[in-house]
Amino acid sequence: MLDFFCMKCGVRLHTDEIALYRKLINRGARKYSCLNCQAEYLNVSREDLEKLIEYYHRTGVCSLFAKWDDETRQ
Ligand SMILES: [Zn+2]
């Protein structure tokens, strides 16, 4: 697994944070931001985003979350 860091504050990113960034902000992005910075950008709370991640995992509706591992190996 490659390491990615938040382009704003520099913290190491979890794959869920990257998936959410691509889902909510920019699907073709090569740079990402952490949950805190995404929440700030979207003007929502970090909690809202965590619930959203949980929701995507539970329902499996978002292919970005399921396909992430394959895409990073390319
Ligand atoms: Zn950040």
Side-chain angles (χ1 to χ4, degrees):
M1 184 69 208
L2 295 168
D3 283 342
F4 288 98
F5 299 91
C6 176
M7 62 177 152
K8 285 188 176 174
C9 70
V11 301
R12 185 183 296 245
L13 298 175
H14 191 270
T15 52
D16 286 344
E17 293 174 308
I18 296 169
L20 195 69
Y21 185 92
R22 299 175 88 189
K23 171 81 180 167
L24 297 180
I25 299 172
N26 181 356
R27 188 165 182 136
R30 287 292 175 265
K31 289 177 171 180
Y32 316 97
S33 58
C34 68
L35 224 50
N36 285 333
C37 293
Q38 285 183 51
E40 198 185 309
Y41 178 81
L42 296 166
N43 208 17
V44 298
S45 72
R46 186 193 158 100
E47 245 179 34
D48 288 337
L49 295 182
E50 283 173 347
K51 278 181 205 159
L52 208 55
I53 287 174
E54 209 182 289
Y55 170 80
Y56 287 136
H57 274 300
R58 202 172 53 232
T59 59
V61 292
C62 181
S63 59
L64 285 174
F65 284 85
K67 276 170 26 185
W68 172 252
D69 279 345
D70 290 338
E71 288 182 7
T72 54
R73 283 191 201 106
Q74 287 173 4

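We use all heavy atoms of the structure for the numbers below, so side chains are in, but hydrogens, waters and symmetry mates are not. The first residue of the sequence shown is numbered 1, and numbering continues consecutively from there. Note that ligands are numbered from 1 as they come in the structure, with each ligand's atoms numbered from 1 the same way.
Annotation for Phe4 and Arg30: closest pair CE2-O, 4.4 Å, computed over non-hydrogen atoms.
Without hydrogens or angle criteria, Gln38 side chain to Ser33 main chain gives a donor-acceptor distance under 3.5 Å.
Looking at Tyr32 and Arg22, their side chains come closer than 4.5 Å, going by heavy atoms from C-beta outward. The side-chain heavy atoms of His57 and Asp16, taken from C-beta on, include a pair separated by under 4.5 Å. Between Leu49 and Leu42 the shortest side-chain heavy-atom distance falls below 4.5 Å.
Under 2.8 Å from the Zn ion (ligand 1), one finds the following protein N/O/S atoms: Cys6 SG, Cys9 SG, Cys34 SG, Cys37 SG.
Within 6.0 Å of OH in Tyr41 there are 12 or fewer heavy atoms belonging to other residues, nucleotides or ligands.
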